Amino acid sequence: ATQTIFSPLINAGLYLLVFGVSFSAMLKTHEGVSYLEFLVPGLIALSSLNNALQNSASSIMISKFHGDLQDLKIIPLSSFSITSAYIIACIARGLIVAVLVLAMGELFSYLQSGGWIAVKHPVDFFVFLCMSCALFGNLGITSGFLAKSFDQINGFTNFVILPLIYLGGVFFSLNILNPFWQTVAHFNPVVYVINGIRFSVLGVSDIGATSCYLVLGVFVLLTSALAWA
């Protein structure tokens with residue numbers, strides 16, 4: 001519970017307090033959306049994706065150290081079934097964290113403006129979260145099998161995954177970037193994850209929902225094949 005529940009809540013609460021509350025009156029995003037509201041979907045993505053990746057990666061690494069990972073070779077389950085089980089666990093943890101961070105954002109929104117954040121498209125919210133957590137769960141499976149230590153997993157997370165997330169629009173809109181960096185940002189798959197979740201919560205985003213679904217779907221299929229392999 002400390003790692004899965006309280007750590008994401010504390011991190012999200014600090015981000016909302018430092019950035020959302022402090023800068024909400026000074027920064028403008030999309031019309032009719034305060035910076036605090038703009039920040040909440042990004043924090044949902046940041047927290048749920050990181051937890052989804054860590055869930056599968058740490059599970060596999062712990063099994064390596066305990067010496068029970070080889071049991072997967074003799075149990076009567078296919079590689080597809082085993083991979084699916086890991087992914088479903090990642091999605092479950094990601095959804096739990098997403099709901100908790102959303103609740104934290106609702107609390108800050110009510111205290112700041114006296115209103116609640118209404119999720120505009122709840123079905124899209126659920127689908128985007130499931131696809132995004134599956135994507136990062138697949139990356140966690142792959143890194144877990146390839147890594148020889150927790151240090152290598154932490155290195156992959158800190159030097160590859162987190163930069164992609166932070167540069168994917170968690171704290172800023174792509175519209176404030178110059179055209180060159182806007183073009184570069186479109187090659188970051190996490191941009192489509194964050195904008196898809198932001199669209200489903202607020203009804204506005206820098207990238208259309210259809211494009212987010214297409215790009216995210218392609219990356220989920222590619223990483224699923226990689227994790228299965």
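Both backbone and side-chain heavy atoms feed into the values below; hydrogens, waters and symmetry mates do not. Just so you know, these numbers come straight off a predicted model, no measurement behind them.
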Item to check | Side chain to side chain, Val119 and Leu102, heavy atoms closer than 4.5 Å | outcome: yes
Item to check | Leu146 side, atom CG; Leu226 side, atom CG - distance, nearest 0.5 Å | outcome: 7.5 Å
Item to check | Same apolar cluster: Val160 and Val193, side chain cutoff 4.5 Å | outcome: yes
Item to check | Ser143 (side chain) donor-acceptor with Leu139 (main chain) under 3.5 angstrom | outcome: yes
Checklist entry - Applying ring pair (Phe, Tyr, Trp, His ring centres under 6.0 Å), which residue pairs with at least one partner in residues 72-117 are found, sequence neighbours left out? => result Tyr110-Trp116
Item to check | Test item: Asn138 side-chain N/O and Ala134 main-chain N/O as donor-acceptor pair under 3.5 Å | outcome: yes
Checklist entry - Does the Lys64 side chain pair with the main chain of Ala147, one donor and one acceptor, at a distance under 3.5 Å? => result yes
Checklist entry - Do any pairs count as a ring pair (Phe, Tyr, Trp, His ring centres under 6.0 Å) and have a residue in residues 45-72, sequence neighbours left out, and if so which ones? => result Phe65-Phe150
Checklist entry - In the single-linkage hydrophobic clustering (I, L, V, M, F, W, Y; side-chain heavy atoms under 4.5 Å), do Phe145 and Ile74 co-cluster? => result no
Checklist entry - Within the side chain of Thr4, is there an N or O that forms a donor-acceptor pair under 3.5 Å with the backbone of Ala1? => result no
Next on the checklist: Quick check: closest heavy atoms across Ile153 and Ala57, and the distance to 0.1 Å?
Outcome noted: CD1-O, 3.8 Å
Item to check | From Leu202 atom CG to Ile197 atom CD1, the distance as rounded to the nearest 0.5 Å | outcome: 11.5 Å
Checklist entry - Can you get from Met131 to Val99 by hopping between Ile, Leu, Val, Met, Phe, Trp and Tyr side chains that sit under 4.5 Å apart? => result no
Anything under 3.5 Å between a donor and an acceptor, one on a side chain of residues 161-168, the other on a protein residue two or more places apart or in another chain? List them.
unit_1, atom_1, unit_2, atom_2, d
Tyr166, OH, Tyr15, OH, 2.8

Item to check | Option among Val170, Asn175, Leu174 that satisfies the side-chain contact (heavy atoms from CB on, under 4.5 Å) test with Phe172 | outcome: Leu174
Item to check | From Leu49 atom CG to Phe136 atom CZ, the distance as rounded to the nearest 0.5 Å | outcome: 4.5 Å
Item to check | Non-hydrogen side-chain atoms of Leu36 and Ile117 separated by less than 4.5 Å | outcome: no
Checklist entry - Within the side chain of Glu37, is there an N or O that forms a donor-acceptor pair under 3.5 Å with the backbone of Val33? => result no
Contacts under 3.5 angstrom, residues 90-97 side chains, donor-acceptor by atom type, not counting sequence neighbours:
unit_1, atom_1, unit_2, atom_2, d
Arg93, NE, Asn51, OD1, 3.1
Arg93, NH1, Asn55, OD1, 3.3
Arg93, NH2, Asn51, OD1, 2.9

Checklist outcome for this item: Here the gap from Cys133 atom SG to Ile88 atom CD1, rounded to the nearest 0.5 Å, amounts to 13.0 Å
Checklist outcome for this item: Apart from Ile10 itself, members of its ILVMFWY cluster (side-chain separation under 4.5 Å) are Leu14
Item to check | Check: Asn11 and Leu46 side chains under 4.5 Å, non-hydrogen atoms | outcome: no
Checklist entry - So, Ser78 side chain and Ser81 main chain: donor-acceptor pair closer than 3.5 Å or not? => result yes
Checklist entry - Where do Leu129 and Ser48 land on the side chain to side chain contact (heavy atoms under 4.5 Å, CB included) test, with the steps shown first? => result CA-CA 8 Å; Leu129 277 174; Ser48 59; 3.8 Å; yes
Item to check | ring pair (Phe, Tyr, Trp, His ring centres under 6.0 Å) contacts in which one or both residues fall within residues 186-215, not counting sequence neighbours | outcome: His121-Phe199, Phe128-Tyr213
Item to check | Within one Ile-Leu-Val-Met-Phe-Trp-Tyr cluster: Leu43 and Phe126, side-chain cutoff 4.5 Å | outcome: yes
Item to check | Minimal non-hydrogen separation, Leu9 against Met104, with atom names | outcome: O-CE, 3.6 Å
Checklist entry - Within the distance-only criterion (no hydrogens, no angle test), does the side chain of Asn195 pair as donor or acceptor with the backbone N or O of Asp206 below 3.5 angstrom? => result yes
Checklist entry - Is there a chain of hydrophobic side chains (I, L, V, M, F, W, Y, each step under 4.5 Å between heavy atoms) that links Ile176 to Val191? => result yes
Next on the checklist: How long is the straight-line distance from CG of Asp124 back to SG of Cys212, given to the nearest 0.5 Å?
Outcome noted: 10.0 Å
Checklist entry - At what distance, to the nearest 0.5 angstrom, does CD1 of Ile141 lie from OG of Ser224? => result 8.0 Å
Checklist entry - For the side chain of Ser56 and the backbone of Gly137, is there at least one donor-acceptor N/O pair under 3.5 Å apart? => result yes
Checklist entry - Can you check whether Leu100 reaches Pro8 side chain to side chain, under 4.5 Å on heavy atoms? => result no
Checklist entry - Where do Ser79 and Trp228 come nearest, in terms of heavy atoms and distance? => result CB-NE1, 3.5 Å
Checklist outcome for this item: Heavy atoms of Lys148 and Met61 approach each other most closely as C-CE, 3.9 Å
Next on the checklist: Strictly distance-based, threshold 3.5 Å: is any side-chain N or O of Ser63 a donor or acceptor partner for the main-chain N or O of Asp68?
Outcome noted: no
